[in-house]
Amino acid sequence: MTVESDTGTDTGTGTGELEDFGRRWAKAERERDTDALEALLAQDFQAVGPRGFLVDREQWLDRYASGALVHDAFTWEDVELRRYGDGAVALGVQSQQSTYDGRDVDGHFRVTQYLTRVSGVWQLAGLHLSPIAGTPAG
């Protein structure tokens with residue numbers, strides 16, 4: 001995991017907190033833990049799915065509560081972190097072996113997470129998933 005701030009490599013406060021946040025988020029996603037996710041997601045959380053659709057906080061949580069989304073495997077790796085005061089951006093790779101409503105939704109995605117610190121606690125305000133398809137031919 002690489003951690004940077006707006007002034008270069010961040011060797012100070014918050015690095016461990018952000019790394020821990022990423023681990024807790026991936027575990028909650030993998031285990032379909034809606035209680036943990038409710039604490040991790042900001043009230044106005046919004047995601048952009050891998051095909052450009054929008055998902056709000058309630059819809060994100062409902063995928064698990066309804067049983068529609070099931071992960072056989074879920075990882076969050078190759079993460080680069082950048083701090084900006086009470087905000088942060090995490091760029092990483094999400095890999096999953098999953099089904100949604102019985103359909104295969106396996107994939108590898110480059111993910112941008114937008115994090116904010118509210119009352120001293122990091123929360124995920126938004127994320128954007130993009131399928132990893134390789135580098136375009138030049």
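These values consider heavy atoms only, across backbone and side chains, with no hydrogens, waters or symmetry-generated copies. One-based numbering along the sequence shown.
Trp60 is listed as a side-chain neighbour of Leu127, based on a closest heavy-atom distance under 4.5 Å. The shortest distance between side-chain heavy atoms of Ile132 and Val93 falls below 4.5 Å. Val70 places a side-chain heavy atom less than 4.5 Å from the side chain of Arg32. Using a 4.5 Å cut-off on side-chain heavy atoms (C-beta onward), Val111 and His128 make no contact. Within the 4.5 Å cutoff, the side chain of Leu54 has heavy atoms near those of the Gln46 side chain. Side chains of Val48 and Phe53 form no contact here, defined as non-hydrogen atoms less than 4.5 Å apart. Residues Arg57 and Gln59 form no side-chain contact, since every pair of their non-hydrogen atoms from C-beta on lies 4.5 Å or further apart. Here the side chains of Gln113 and Trp25 are in contact, with some heavy-atom distance below 4.5 Å.
Under the 4.5 Å side-chain heavy-atom criterion for ILVMFWY residues, a single connected hydrophobic cluster contains both Val105 and Tyr64. Following chains of ILVMFWY side-chain contacts shorter than 4.5 Å, one can reach Phe74 starting from Leu40, so the two form part of one hydrophobic cluster.
Considering all non-hydrogen atoms of both residues, Pro131 and Pro50 come closest at CD-O, 3.6 Å. Across Leu81 and Glu19, no two heavy atoms sit closer than the pair CD1-CG, 3.9 Å. Shortest non-hydrogen contact noted between Gln97 and Asp106 is CA-OD1, 3.0 Å. Of all heavy-atom pairs spanning Ala73 and Ser98, the tightest one is O-OG, 4.2 Å. Here the closest heavy-atom approach between residue Ala26 and residue Trp76 is recorded as CB-CB, 3.8 Å.
For the atom pair Leu124 CG and Thr116 OG1, the distance stands at 10.5 Å (nearest 0.5 Å). Atom CZ of Arg110 and atom CG of Leu91 lie 8.0 Å apart (nearest 0.5 Å). A distance of 11.5 Å separates CG in Leu69 from CG in Leu61, rounded to the nearest 0.5 Å. The CZ atom of Arg30 sits 12.5 Å away from the CG atom of Asp72 when rounded to the nearest 0.5 Å. Glu17 contributes atom CD, which lies 11.5 Å from atom CG of Leu115 (distance to the nearest 0.5 angstrom).
Arg63 has a carboxylate O that lies under 4.0 Å from a charged side-chain N of Glu29, or vice versa, which qualifies the two as a salt bridge.
Legend: residues meeting ring pair (Phe, Tyr, Trp, His ring centres under 6.0 Å) with Phe21, ordered by chain and number and at least two apart, are absent.
Under the ring pair (Phe, Tyr, Trp, His ring centres under 6.0 Å) criterion, no residue pair touches residues 92-120, with sequence neighbours excluded.
Between the side chain of Thr75 and the backbone N or O of Glu77, no donor-acceptor pair lies under 3.5 Å. Between the side chain of Asp62 and the main chain of Ala65, no donor-acceptor pair closer than 3.5 Å is present.
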CA sep, side-chain torsions, deciding dist, call: Tyr84, Val89, side chain to side chain contact (heavy atoms under 4.5 Å, CB included): CA-CA 8 Å; Tyr84 302 96; Val89 175; 4.2 Å; yes

Steps toward side chain to side chain contact (heavy atoms under 4.5 Å, CB included) verdict (Arg83, Leu18): CA-CA 9 Å; Arg83 283 274 313 266; Leu18 288 168; 3.2 Å; yes

